[in-house]
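Heads up: the structure comes next, in structure tokens.
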Amino acid sequence: YGENVTVDCDGKPHTLTEFTVDEETPLVEGHKFQCEEDQARTEAGTYKLSPKNTRILDSNGDPVTSNYSITEAEGTLTINKKAVTVSGIKADDKTYNGTDEAQLDLSGVKIIGAADGQKLTLDPSKVHGTFVQSGAGENVQVNITFDKDALTGSDGTDVSNYSLDVDHSQKTAAANINKKVITVKAK
């Protein structure tokens, strides 16, 4: 029967690699088996895979498969989404407008942990910045939050193979809230 295997998505094909004969139905002493694995998978998910083309050989390496009734049982291959982290987000300075809304600059973003050849980006409409105060100030902290679907893929990268690890991603930036200049005139 097939084993159960769990791996992280890395863009490479995975399959069940080891098969065993159930201890309750052992082979004749000196006999061994060979089989091929089922189709390899690269995408995150859980798959039932089976050995195929099982052959039984005696101690001389001669085939004796016809003497056995073989059941090729499934094993489970689980490919977990690969966690990635984000850094390099900057907050833009703004002029006081009475709100705590911050504009973020994603031009220097680094997404760390993607598999080789995979390209991930952030959807700017899914990444939010909020100043910790609405009043004017220098170097004011900006808290960064991500919607659950903030990651996007480019150049054929399937974003469903990834998850954004917000606990280990950049959570803050800083920017100035400049005083609003007004002119008061006598009438």
Side-chain angles (χ1 to χ4, degrees), residues 1-89 106 109-128 143-172:
Y1 58 91
E3 64 178 326
N4 296 321
V5 175
T6 300
V7 297
D8 286 334
C9 186
D10 59 6
K12 297 176 183 169
H14 293 278
T15 188
L16 300 180
T17 57
E18 293 183 22
F19 299 93
T20 58
V21 173
D22 190 327
E23 293 175 5
E24 294 180 19
T25 58
L27 295 172
V28 170
E29 188 173 334
H31 289 190
K32 61 183 178 180
F33 76 98
Q34 297 174 339
C35 62
E36 300 167 11
E37 65 267 1
D38 204 345
Q39 182 178 355
R41 307 290 184 178
T42 58
E43 307 298 320
T46 299
Y47 306 96
K48 295 288 187 186
L49 300 179
S50 301
K52 61 181 183 177
N53 300 323
T54 301
R55 297 168 304 285
I56 310 295
L57 306 174
D58 66 15
S59 58
N60 297 320
D62 295 325
V64 292
T65 307
S66 63
N67 296 306
Y68 289 88
S69 175
I70 300 170
T71 301
E72 295 174 324
E74 294 179 334
T76 302
L77 171 64
T78 302
I79 301 177
N80 293 324
K81 290 183 175 196
K82 184 160 175 61
V84 295
T85 58
V86 174
S87 64
I89 299 173
L106 304 181
V109 163
K110 291 181 177 48
I111 298 177
I112 299 136
D116 289 343
Q118 302 279 292
K119 293 186 180 178
L120 295 170
T121 58
L122 289 175
D123 179 341
S125 69
K126 309 283 182 161
V127 183
H128 311 283
N143 292 327
I144 300 168
T145 58
F146 304 90
D147 292 348
K148 66 179 180 169
D149 55 349
L151 279 178
T152 60
S154 62
D155 294 340
T157 297
D158 185 354
V159 73
S160 68
N161 290 320
Y162 294 93
S163 63
L164 180 58
D165 181 352
V166 295
D167 292 335
H168 295 97
S169 289
Q170 181 181 350
K171 294 179 184 67
T172 62

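Keep in mind that the numbers below use all heavy atoms, side chains included, and drop hydrogens, waters and symmetry copies.
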**OP:** Walk me through it: do Phe146 and Ile89 pass the test side-chain contact (heavy atoms from CB on, under 4.5 Å)?
**Re:** CA-CA 12 Å; Phe146 304 90; Ile89 299 173; 3.9 Å; yes
Subject >> Side-chain (Ser169) to main-chain (Thr85) donor-acceptor, under 3.5 angstrom >> reply: no
**OP:** Answer yes or no: is there a side-chain heavy-atom contact under 4.5 Å between Lys110 and Ser87?
**Re:** yes
**OP:** Measure the shortest side-chain to side-chain distance between Arg41 and Leu77 over non-hydrogen atoms and say whether it is less than 4.5 angstrom.
**Re:** yes
Original post:
Charged N to carboxylate O below 4.0 Å: is that the case for Lys119 and Asp155?
Top reply: yes
Subject >> Distance-only donor-acceptor check, side chains Asp147 and His128, under 3.5 Å >> reply: yes
**OP:** Could you walk me through whether Ser154 and Thr121 pass side chain to side chain donor-acceptor pair (under 3.5 Å), step by step?
**Re:** CA-CA 7 Å; Ser154 62; Thr121 58; 5.1 Å; no
Original post:
Is Glu74 reaching over with its side chain to a backbone N or O of Leu49, donor-acceptor style, under 3.5 angstrom?
Top reply: no
Original post:
Is there a donor-acceptor pair closer than 3.5 Å between any side-chain N or O of Asp58 and the backbone N or O of Asn60?
Top reply: yes
Original post:
Under a 4.5 Å cut-off applied to non-hydrogen side-chain atoms, are Leu120 and Thr157 in contact?
Top reply: yes
**OP:** Taking all heavy atoms of Asp165 and all of Ala83, pick out the closest pair and write down the distance.
**Re:** CB-CB, 4.2 Å
Original post:
Is it true that a side-chain atom of Asn161 and a backbone atom of Ala44 form a donor plus acceptor pair closer than 3.5 Å?
Top reply: yes
Original post:
About how many Å separate OG of Ser160 and NZ of Lys81, when rounded to the nearest 0.5 Å?
Top reply: 6.0 Å
Original post:
Can Leu27 and Phe33 be said to form a side-chain contact (heavy atoms from CB on, under 4.5 Å), step by step?
Top reply: CA-CA 8 Å; Leu27 295 172; Phe33 76 98; 4.2 Å; yes
Original post:
Got Ile144 and Lys171 here, is their nearest side-chain heavy-atom distance under 4.5 Å?
Top reply: no
**OP:** Taking all heavy atoms of Asn4 and all of Thr76, pick out the closest pair and write down the distance.
**Re:** OD1-N, 2.9 Å
Subject >> Donor-acceptor under 3.5 Å (Tyr162 side chain, Ala115 main chain) >> reply: yes
Original post:
Any salt bridge between Lys126 and Asp149, counting N to O under 4.0 Å?
Top reply: yes
Subject >> Thr54 side chain to Glu72 side chain, donor-acceptor N/O pair below 3.5 angstrom >> reply: yes
Original post:
Counting N and O atoms only, with roles assigned by atom type, does the side chain of Gln118 sit under 3.5 Å from a partner on the main chain of Gly11, one being a donor and the other an acceptor?
Top reply: no
Original post:
Going through the checks in order, is the side-chain contact (heavy atoms from CB on, under 4.5 Å) test met by Ile56 and Asn67?
Top reply: CA-CA 9 Å; Ile56 310 295; Asn67 296 306; over 6 Å; no
Original post:
Would you say the side chain of Asn80 lies within less than 4.5 Å of the side chain of Thr6, judging by non-hydrogen atoms?
Top reply: yes
Subject >> side-chain contact (heavy atoms from CB on, under 4.5 Å) between Leu122 and Val86, worked out >> reply: CA-CA 9 Å; Leu122 289 175; Val86 174; 3.7 Å; yes
Original post:
How many angstroms lie between SG in Cys35 and CZ in Arg55, if you round to the nearest 0.5 Å?
Top reply: 7.5 Å
Original post:
If every non-hydrogen atom of Asp10 is compared with every non-hydrogen atom of Lys12, which pair is closest and at what distance?
Top reply: OD1-N, 2.9 Å
Original post:
Quick one: are His14 and Val5 in side-chain contact, heavy atoms under 4.5 Å?
Top reply: no
